[in-house]
Amino acid sequence: MPKYAVGVDLGGTNVRAVLVNEMGQVCSYSRELTKSQEGPDGVIAQITALVRLVIKEAGVTNSQVQGLGIGLPGVIDSNKGVAITLPNLKGWRDVPVGELLEDLLQLPVYCENDARMAAWGEKIQGAGRNYQDLVCLTLGTGVGSGIFLAGKMWRGYQGSAGEIGHLTVVRDGLLCSCGNRGCLEMYVSGGGIAHRARQAASRDSTSQIYQAVGGKIQEISAVTVYKAAQADDQTALNLIQETADYLGLALANLSNILNPELFILGGGLSNGWGELLLKPVRKVVEQRAMSLNKEVKIVQAQLGDKAGVIGAAEMALSL
Ligand code: ADP
Ligand code: MG
Ligand code: ZN
């Protein structure tokens, strides 16, 4: 009997699910806006419905599904299947996601940090296929990463390695949801960019960012910046350069520590901005990293917004 696996990617903005076959090919896919305001119970119910939907859509029975992998945006105890803290989702503290989903779905469930699941996807099927030493960054509502050293995923002593979004890039900078000040995430996540874009637009009402929202500054998002940059708006281009400065600084530090061969940039933001962001990031890393560490390649993720779900499903297949 053919085997299948389900992958789920929970984000602060979107929740996605796929069903894949034994070869990791996607048979069905679904995406919804995360009902984050409904708290853990509501979101668990939403995930359960989404999983049932992708299984049904693919015409597969529950007994053919080998397991479920789920990526969660925060610090996860993957041995116990517990979401310890999800900084970008309200009310999530020590939620036994694995146990809850196993009861509801009657499937073995494996929980892991979302950015690590995306990195796993890119390593198995995407831009990281032919590399052993790489870091895959995900820029979305938050900023995370998965680190591979000598071909193996690096989880760290307690499983919380790779929190690149919480590298301090501004001493005494903006207060982050993690409690620290000046974290990278406060400047280069979707929300961080929107925050800087609102400040820039309120200083300059001639900017296309300001014009695009008819002066309703609160409606500005990273997508607004993207559209304005495509029309060569100087304020938008400056914002992208500033983003590249912060990100490049963090990547140069990482390159000096790990000497990876490859950085992969994925997540809603880098998938959207693409080379507009990658080009200036490469320059900053070249300027800041030391000696051989300048040579790290920096490329776009290949699985787009499905990296996380595919990684989660591949993880479930590999267990
Ligand atoms: P999450 O996994 O946290 O739900 P995603 O990886 O789906 O997040 O990315 C959502 C974020 O990406 C939002 O902050 C959104 O503003 C941003 N985004 C999506 N498309 C684009 C684009 N074309 N340009 C810039 N930012 C984008
Ligand atoms: Mg995500
Ligand atoms: Zn932080």
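One-based numbering, in listed order, for ligands and for the atoms of each.
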> Counting heavy atoms only, which of Ala222, Gly144, Pro73 comes nearest to atom 16 (O) of ligand 1?
Replying inline: Ala222

> Can you tell me which residue and heavy atom of the protein come closest to atom 15 (C) of ligand 1, and the distance to 0.1 Å?
Replying inline: Val223 CG2, 4.5 Å

>> With carbon and hydrogen excluded and only N/O/S kept, which atom of His166 is nearest the Zn ion (ligand 3)?
In response: ND1

>> Tell me whether Asn14 reaches ligand 1 (any heavy atom closer than 4.0 angstrom to a ligand atom).
In response: yes

> Should Glu112 and Arg155 be marked as a salt bridge (charged side-chain N to carboxylate O under 4.0 Å, His left out) after you check the CA-CA gap, both sets of side-chain angles, and the distance that decides it?
Replying inline: CA-CA 10 Å; Glu112 181 55 281; Arg155 290 189 162 81; 2.9 Å; yes

>> Could you tell me if the side chain of Leu254 sits less than 4.5 Å from the side chain of Pro260, heavy atoms only?
In response: no

> Which protein heavy atom lies closest to atom 23 (N) of ligand 1, and at what distance to 0.1 Å?
Replying inline: Gly272 CA, 3.4 Å

> Any N or O on Ser221 sitting closer than 3.5 Å to an N or O of ligand 1?
Replying inline: no

> Considering only protein heavy atoms, which is closest to atom 2 (O) of ligand 1, and at what distance to one decimal place?
Replying inline: Gly11 CA, 3.6 Å

>> Under a 3.5 Å threshold, yes or no: a donor from one side chain and an acceptor from the other, between Thr61 and Ser63?
In response: yes

> Only one of Ile55, Val60, Asn21 forms a side-chain contact (heavy atoms from CB on, under 4.5 Å) with Cys27, so which one is it?
Replying inline: Asn21

> Is Tyr226 in polar range of ligand 1, meaning some N or O pair under 3.5 Å apart?
Replying inline: no

>> Could you identify the single nearest non-hydrogen protein atom to atom 1 (P) of ligand 1 and state the distance to 0.1 Å?
In response: Thr141 OG1, 3.5 Å

>> Are any of the N/O atoms on Thr13, whether in the backbone or the side chain, positioned under 3.5 angstrom from an N/O atom of ligand 1?
In response: yes

> Of all the atoms in ligand 1, which lie at a distance below 4.0 Å from a heavy atom belonging to Gly190?
Replying inline: 14 (O)

> Would Asn88 and Thr141 count as having a side-chain donor-acceptor pair, cut-off 3.5 Å?
Replying inline: no

>> As an exercise, identify every atom of ligand 1 less than 4.0 angstrom from a heavy atom of Leu269.
In response: 12 (O), 26 (N)

>> For the NZ atom on Lys227, are there more than 12 heavy atoms of other groups (residues, nucleotides or ligands in this structure) within a distance under 6.0 Å?
In response: no

> Judging by distance only, is a nitrogen or oxygen of Gly268 under 3.5 angstrom from one on ligand 1?
Replying inline: yes

> Is any side-chain heavy atom of Tyr110 closer than 4.5 Å to a side-chain heavy atom of Ile70?
Replying inline: no

> If you count the atoms of ligand 1 from 1 in the order shown, which ones are under 4.0 Å from a heavy atom of Trp273?
Replying inline: 24 (N), 25 (C)

>> As a test of understanding, state which of Asn253, Val296, Val135 forms a side-chain contact (heavy atoms from CB on, under 4.5 Å) with Leu258.
In response: Val135

>> Between Arg52 and Glu57 (salt bridge meaning N to carboxylate O under 4.0 Å), is one present in this structure?
In response: no

> Can you give the angle Cys178 SG - the Zn ion (ligand 3) - Cys176 SG, rounded to 10°?
Replying inline: 110°

> Which is it for Arg16 and ligand 1 at heavy atoms under 4.0 Å: side chain, backbone, both or neither?
Replying inline: side chain

> Heavy-atom count around Glu99 CD within 6.0 Å, excluding the residue itself: above 12?
Replying inline: no

